[in-house]
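We use all heavy atoms of the structure for the numbers below, so side chains are in, but hydrogens, waters and symmetry mates are not. Here the structure is a predicted model, which means the values were calculated and not measured.
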Amino acid sequence: DVLLKAAEIQMQDFLHRIEQKICVDHHDMGFLYTPSCVAGYKLTGSGTGKRAALLAADQLKSRFQEKGEFIQAWGTMGEPENYRLIIDCLLNVPLLYWASQETGDESYRQIADRHVHTTLENVIRPDFSTWHTFFFDPVTGNPDHGATCQGYRDGSAWARGQAWGIYGTALAYRYTKRRYCTTKGAVSLFGIYYTKKGCSPQELGAKNMNFPTKTEEFLKTLAHGKEPTSEDREYAEALGKLSELNYRAGYEAGAAKNKG
C-alpha cells in the first residue's frame, strides 16, 4: 500500500509537470513518462498516469518537423542550430506507439514511423557505426550532416548512442513488425565487427556464429521480452567485447589525430 501510494504521488507530480509545461520543451517525453506513468497505468489502472502519459505523447508529437520528417530533439522549434534529431529518440517514440494503441489515433503511430524511418536512413554511417545527432536543412528538409554532442568526437561511435540504436530498432520492430528495423540494427552492430581488422567471431568468444543473422534474432528476442537462451547470453557477452574494441579503436584514432 505504501509503495502504491508513493507511485500515485509520483504520477500526480508528472501530471502537474506536463500540464504546466515545466521543462518539457524537448524530445525526452518517452524517457520521462514511459517508465513512470505508462507503467503506472498498466500496473494499477491509474487514470492520473494515463492522462499524464497521453499529454506527454501530445508534447512529443508537437516537436515533429514535416520538413525532414523527424522529431526535433532540443531547442526552439525551427532554429537552424537545433534542426536535428538524435539517436536517443528511438527510445522516446514507443510512447507514441502506446498512445496510438490506447486512443486509436493513428497520427501518433504515423509520426513515430516517419521518425524511425528518417533516423535509420541517416544515422548509420558508411562504416556502419552511428551518428549521435543528425542535422537537416530547415528550408528544404534535406539531410545535412552528422555530429556528436556527447561522444568523443564527431566521427567516433558513441557507445551509449549505439545502444540506443540497437534497442530502439528492437522496440520499433515490436510495434511495426517491419523487418527493416531489425535489419538496420543488425547492420549497425555487424558493421562494427566487420570493419575491425584482425577481429573474428572466434576472438570475441562467439564460435561458429553468423553475426548478421544472429544479431537480428537477438534483437527480436529483446523486442518480444523473451527470456534469453544460453546462446543469447554468449552473444551478449561477445557484443560487450565488440563495444569495448570499438571504443578503444575510436579513442586511439582520436588520440593519434590530436597528436598530429
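- Residues A99 and L54 come closest through the heavy atom pair CB-CD2, 3.9 Å.
- No side-chain heavy atom of L90 sits under 4.5 Å from any side-chain heavy atom of L171.
- E69 places none of its side-chain heavy atoms less than 4.5 Å from the side chain of E121.
- Among all heavy-atom pairs drawn from M29 and A56, the shortest one is CG-O, 3.5 Å.
- Residue pairs satisfying the salt bridge (Lys or Arg N to Asp or Glu O under 4.0 Å) criterion with at least one member in residues 42-58, sequence neighbours excluded, are listed as follows: E19-R51, K50-E102.
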Side chain to side chain donor-acceptor pair (under 3.5 Å) between T103 and D105, intermediate numbers included: CA-CA 5 Å; T103 65; D105 185 345; 5.0 Å; no
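- A cation-pi contact, defined as under 6.0 Å to the ring centre and within 45° of the axis, links K61 to Y108.
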Does the side chain to side chain contact (heavy atoms under 4.5 Å, CB included) test come out yes or no for W131 and I87, once each step is laid out? CA-CA 7 Å; W131 295 108; I87 197 169; over 6 Å; no
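- Of the inter-residue distances, the one linking F64 atom CZ with S107 atom OG reads 11.0 Å to the nearest 0.5 angstrom.
- Smallest separation of non-hydrogen atoms from V139 and D137: N-OD1, 2.7 Å.
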Go through the steps to decide whether I71 and T118 satisfy the test side chain to side chain contact (heavy atoms under 4.5 Å, CB included), and finish with yes or no. CA-CA 10 Å; I71 295 170; T118 299; over 6 Å; no
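- Summarising the geometry, atom CD belonging to Q72 is positioned 10.5 Å from atom CG belonging to D25; distances are rounded to the nearest 0.5 Å.
- Here CG of L60 is found 12.5 Å from CG of L55. Values are rounded to the nearest 0.5 Å.
- Criterion: ILVMFWY side-chain heavy atoms under 4.5 Å apart, direct or through other members. Under it, I86 and Y167 are not part of a common hydrophobic cluster.
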Please tabulate, for the side chains in residues 74-81, all donor-acceptor contacts under 3.5 angstrom to protein atoms that are two or more places apart in sequence or on a different chain.
from: T76; atom 1: OG1; to: E79; atom 2: OE2; distance (Å): 3.4
from: E79; atom 1: OE1; to: N82; atom 2: ND2; distance (Å): 2.9

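- A distance-only check finds a donor-acceptor pair linking the side chain of N92 to the backbone of G30 [under 3.5 Å].
- L85 and F135 end up in different hydrophobic clusters when Ile, Leu, Val, Met, Phe, Trp and Tyr side chains are linked at under 4.5 Å.
- Judged by a 6.0 Å distance limit and a 45° cone about the ring axis, K177 is positioned over the six-membered ring of Y173.
- One distance of note links CG of L96 with OG1 of T34; it measures 9.0 Å at 0.5 Å rounding.
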Derivation of the side chain to side chain contact (heavy atoms under 4.5 Å, CB included) call for F134 and H145: CA-CA 6 Å; F134 201 91; H145 69 282; 5.6 Å; no
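- Note that CG of L32 is 10.0 Å distant from NE2 of H27, once rounded to the nearest 0.5 Å.
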Do C149 and R84 pass the side chain to side chain contact (heavy atoms under 4.5 Å, CB included) test, and can you show the C-alpha distance, the side-chain angles, and the key distance before you say yes or no? CA-CA 12 Å; C149 284; R84 59 173 155 188; 3.3 Å; yes
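- How far CD of Q65 is from CZ of R114: 11.0 Å, rounded to the nearest 0.5 Å.
- A 6.0 Å sphere centred on CD1 of I22 holds more than 12 heavy atoms belonging to other residues, nucleotides or ligands.
- Judged purely by atom type and a 3.5 angstrom limit, R17 has no side-chain atom pairing as donor or acceptor with the backbone of A52.
- Aromatic ring orientation, F70 versus Y83: perpendicular (interplanar angle above 60°, classes split at 30° and 60°).
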Hey, can you pull the donor-acceptor pairs under 3.5 Å for the side chains in residues 4-12, sequence neighbours left out?
from: E8; atom 1: OE1; to: S46; atom 2: OG; distance (Å): 3.2
from: E8; atom 1: OE2; to: T48; atom 2: OG1; distance (Å): 3.1

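- Side-chain atoms of R109 and D113, non-hydrogen and from C-beta on, do get closer than 4.5 Å to each other.
- The shortest side-chain heavy-atom distance between N122 and F136 falls under the 4.5 Å cut-off.
- Proximity of a side-chain donor or acceptor of S100 to a complementary backbone N or O of Y97 within less than 3.5 Å is not detected.
- Within the 6.0 Å centre-distance limit, the rings of Y33 and F14 are counted as a close aromatic pair.
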